[in-house]
Amino acid sequence: MTDMTTPKAERAATIRRPDLSAARINRRYGAEKRFRAYGLLAIGAAIAMLAILLFSIVSKGYSAFVQTYVQLEVTLTEAEIDPDRTGDPEVIRNANWRKITFESLRAEFPDVKSRSETRQLFGMISGNAPIAVRDYVLDNPDAIGTTASIWVKVSDDIDTFNKGFIDRNLEEDDRRVKDNEIVWFDTLDGQGRVEAKFNTTLFTSGDSREPEQAGVLGAVVGSLLTLIITLVLSFPIGVMAAVYLEEFAPKNRLTDLIEVNINNLAAVPSIVFGLLGLAVFLNFFGLPRSAPVVGGMVLALMTLPTIIIASRAALKAVPPSIREAALGLGASRLQAVTHHVLPLAMPGMLTGTIIGMAQALGETAPLLMIGMVAFIVDIPSGFTDPATVLPVQIFLWADAPQRAFVERTSAAIMVLLTFLVCMNLLAVLLRKRFERRW
Amino acid sequence: MFNKTFAVAAAAAVAAMSITGAAEARDQIRIVGSSTVFPFATTVAEQFGKKTSFKTPVIESTGSGGGLKLFCQGIGTEHPDITNASRRIKSSEVELCANNGVTEVTEVKIGFDGIVLANSKEAPTYELTEQQIFQALAAQVPVDGKLVENPYSTWSEIDPSLPNVKIEVLGPPPTSGTRDAFTELAMRDGAKAFPMLKDMRKAEGKKAFRAISDTVREDGAFVEAGENDNLIVQKLEANPNALGIFGFSFLDQNADKLHGSIVEGVEPTFDNIAAGKYTIARSLYFYVKNAHVGVIPGMSEYLAEFTSEGAFGDFGYLTDKGLIPLPESDREEIRTNAANLVPLSL
C-alpha cells in the first residue's frame, strides 16, 4: 500500500462500491414488484376476457338445451287412421296426420272460429307435431281408437316466450306472440300441460329452417368426416417430410429454401388454401362440391406446415447420443430413426398434430370456396356426401332471422368448444404420459 | 411397429383417394345464389325433402352475382341446377350462360322483399322522403344549384322537421344485393327529385347520373356493417341514434326492439309492401336450368312445391318467413310458366 497518505474520504470517492442505501434497495425491489404486478395484471386481463366470452356464450345458449312441450289429447279414430283395419304401417304412415293433430288442438278451444284465429292457434305448435303424433302411433298401434296424451313441441315463438325472452307486458303489435296466443298458452299451462324438457333434437337431427327442429348432428358428422380425411392425409405426409428433412436431407441451399417456405406456408391466410382447393380439386380433378373429402384435403394442406414444424422440433429434441449409439452398434440410419428416434419424438409429433387438427376443426374460410357453407338437412353418410361442419353451422345460424336461433347459435358454439377442449386435453395428456426429458 | 402404422395410414390414404375418383351421378338438386332468397329457398327445400321421397336439395348462399356466375358455367352434373337471385338476371349474364351452352333458362318470380330503414324503439320513428334519404347518404349532393361534397352531418340540417341527431346509418356492403336494390330504389329516385340532377340525366346520360346517385358517402356517416343483418339489429339496439338498412323479415322478427321509418308517407308493413305502396321493395327470383330437368331427379317437383299456394301464396308458409306474396293473378301465370318450363327471353 503505497498511497497510505491519501485521505480516507478521497479514496471512497474513487473506489466504486455498491450503494447499499435503503432508498436504492427499495427502488430495486419496487421495480421487481411492479414487474410482477404487470404480469399478474396481464394474466388477470386474459382470464377476464375468457370469462366474459364464456359467460356471454353460456348465458345466451343454456336455454337452447331445453325445449317447451305441450301435451295434446289426440283422438285417434280408426276411421281416420286405418279405415280397413289392416294394421299395415304403410297405411298408418299415410293417414292425414296434420288434420288429426290440428283437429285435436282445435277441440281444446271450441270458441276459435275465424280463419285467422285458427291459423294463429295452429301456429302455436311446431310444424313437426303431426310427425311426432304419427311416430307415437306407429310405436303404439294399440292406441288407435282411443284418445292418447302425446307431448309435442311448441313453435319457436311460443318456446321463446315460455323461456321469458318475449315480454308479455309489451304492446301487442310489438311482440311476435299475440294476446290470443298468450291466453291459449296460459290456459294449457294452468292445466299443467306445458313442460320444458331436454332438447334431444339439438343433438339428433340435421339443420332445419324451423329452430325447434334444428340440430347439430349433421355438422358434427361432417366435421368428423372432414377431420378423418385431414388426419389420414396430413399426419403421414407431415411426419415423413419432417423425418426426411431432419434426419436424411443434406444441409444445402435447397433444403434451406424448403424450410423457409414451409415456415412461410404456416402463416398463409386459410382462404388462400380454399381458392387453391377450388382451382385444383374441384375445377381440375372434378371432385364433388361440398364433400368432406375435398374439405379434408384443403384442411390437410393447411395443417401440413404446422405438423411438419412441430415434428421437426420434436425430432430435434431427441439427443444426438441416441442416434450415435444406435449407429455405433451397427444399426442402419433407417433403423436408428424408426427404432429409436421416432418413438421418442412421437409424443411431440402427436401434440403438434392434435393442435393442427383443432385449428382445422375451427376453420370456415377455406370451406366457403369449396361449397361447404351450405344448407344441408340430410346427415352425411360418406366422404362424398354433401356436408357442412360445426363452425359453418354456427355461421349459418348466426345469420338466420328467427330469434330462437340466437340461443341455438350459442349452444352450437358450446358443442364446438367442448370438442376443442377435448382435443387439447388429449394433447396435454399424451405429452404428460409419454414425454421424456434429458 | 411404426412401419406398420405408416402402411396402414398409407393404405387409408389410397382408399380415400379412390373413393373420390368415382364421381357418381348426382341424385340431389344443387342450388346456389342470393343470401336474401336463402331463407325462403331453404324452407321450401326442407318441406320438399319431407313431403317427397327425393333427397333434400343442397343450398349454398353465394350472393346473387356469385350464384349466376356458377350457374352459367355450363350444363352437367358438376354445375348447379338452380340459382336464386334478389335481382333480375343481367343481359351480360344471359350472354355468359349462352356462351357456355346454357341457352334455356326458366325465370321464376317468387315474391317481394321490402328494404327498411329501421331504428331502436327508444328513439322516435323517422318520417323520410326518398329525397332526404339521398341527401343524407350520397357522396355528392346539390346545394344551391351546385354539386358539393355532402355537407350534412345531422338530420335537422337536411330538414328542420327531422330530429337534431347525427346522421349515422348502418347498411350492407356494395357486394350485397340489398345494397344494389337500395341504391336503385331509394337513392336514384331521391336524386331524381332534384330538377338539376334530372336535367343532368337527360343531358349527360344515365352513366353520369348514376355516378352521383349511386355513390354513397364515405365520411363515416354511412357505416358498412357487413352482410349479417342480425349484427345490424344488435348494433341498432345498442345505439338508438343510428338507423339501419336491411330486409323486411328482420324487422318483422325484431318488432319488439325496432321500428321501421316511414318512407314517402308509407309505413313498411306487410300489407303496404304487398300492395306496392311502400316504394323501396324489390322482386325476388330464381332461375332454373331447363336442360337439367329430367336429368336430376325431383326438379319439376321442387318447382311445383315452390310455386304452390301453400308455399308462396297469400297464406303460404313462406309468408311466415317474411316473404311478401305476389298478386294472385301473377302467381297463377308463374305457376303455369314454371310447370311448362317456358324459357326466359330478354
Side-chain angles (χ1 to χ4, degrees), chain A residues 115 119 123 127-128 131 166-167 170-171 173-176 206-210 213 228-229 231-233 235-237 239-240 281-282 285-291 293-294 296-297 338-339 342-343 346 371-378 382-386 396 398-403 405-406, chain B residues 1-3 5-6 9-10 12-13 15-17 19-24 26 28 30-32 35 38-47 49-50 55-62 70 77-78 80 121 227-231 233 247 249-250 252-257 259 315 317 320-322:
Chain A
R115 188 175 144 73
R119 256 175 69 82
N128 209 29
I131 308 217
I166 294 177
D167 185 358
L170 284 171
E171 298 252 338
D173 283 348
D174 293 354
R175 49 180 149 75
R176 300 263 313 160
D207 198 5
S208 170
R209 265 345 272 186
E210 306 300 328
Q213 296 168 33
I228 288 172
I229 296 283
L231 183 69
V232 160
L233 288 179
F235 183 68
I237 298 178
V239 170
M240 292 297 269
F281 299 140
L282 294 190
F285 286 115
L287 295 179
R289 259 181 98 80
S290 320
V293 62
V294 183
M297 282 155 90
T338 51
H339 293 181
L342 209 51
M346 208 31 100
M372 287 185 85
V373 180
F375 174 76
I376 291 159
V377 177
D378 302 331
F383 292 107
T384 47
D385 278 0
L396 289 175
D399 214 16
Q402 287 91 341
R403 188 76 66 78
F405 271 124
V406 173
Chain B
M1 169 205 169
F2 284 95
N3 286 331
T5 322
F6 283 132
M17 299 297 269
I19 297 172
T20 65
E24 65 237 85
R26 191 150 54 81
Q28 194 166 32
R30 301 213 57 133
I31 303 172
V32 292
S35 54
F38 182 76
F40 308 127
T42 46
T43 310
V44 175
E46 199 181 336
Q47 288 289 332
K50 272 191 198 144
K55 280 193 178 174
T56 309
V58 170
I59 307 182
E60 279 180 62
S61 165
T62 59
L70 284 170
T77 49
E78 67 270 34
K121 284 233 149 138
E227 293 263 13
N228 188 329
D229 290 349
N230 269 339
L231 201 69
V233 170
S249 52
F250 283 83
D252 193 36
Q253 286 283 339
N254 292 286
D256 55 336
K257 297 174 189 160
H259 49 197
F315 295 101
Y317 53 77
D320 294 339
K321 301 279 165 206

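A, B, ... follow the sequence lines: proteins, then strands. Residue 1 opens every chain.
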Quick one: does any side-chain atom of [X] pair with a main-chain N or O of [Y] as donor and acceptor, under 3.5 Å?
X: B:R30; Y: A:R289; result: yes
X: B:N230; Y: A:A400; result: yes
X: B:D256; Y: A:R176; result: no

At a 4.5 Å cut-off on heavy atoms, which part of [X] comes close to chain A: side chain, backbone, both, or neither?
X: B:F38; answer: side chain
X: B:T56; answer: both
X: B:Q47; answer: neither
X: B:P80; answer: neither
X: B:L70; answer: side chain

Need one label for [X]: side chain, backbone, both or neither, based on atoms under 4.5 Å from any heavy atom in chain B.
X: A:A291; answer: neither
X: A:E210; answer: both
X: A:L282; answer: neither

Is A:V377 close to B:K55 at the side-chain level, that is, under 4.5 Å between some pair of heavy atoms? no

Residues A:A374 and B:E60: closest non-hydrogen pair is CB-CG, 3.5 Å

Over all heavy atoms of both residues, which pair between A:F375 and B:T42 is shortest? Give the atoms and the distance, please.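 Heavy-atom minimum between the residues: CG-CG2, 3.1 Å.
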
Nearest 0.5 Å, what's the [atom1]-[atom2] distance between [X] and [Y]?
X: A:N128; Y: B:K50; atom1: CG; atom2: NZ; answer: 5.0 Å
X: A:L170; Y: B:K257; atom1: CG; atom2: NZ; answer: 11.0 Å
X: A:L396; Y: B:I59; atom1: CG; atom2: CD1; answer: 11.0 Å

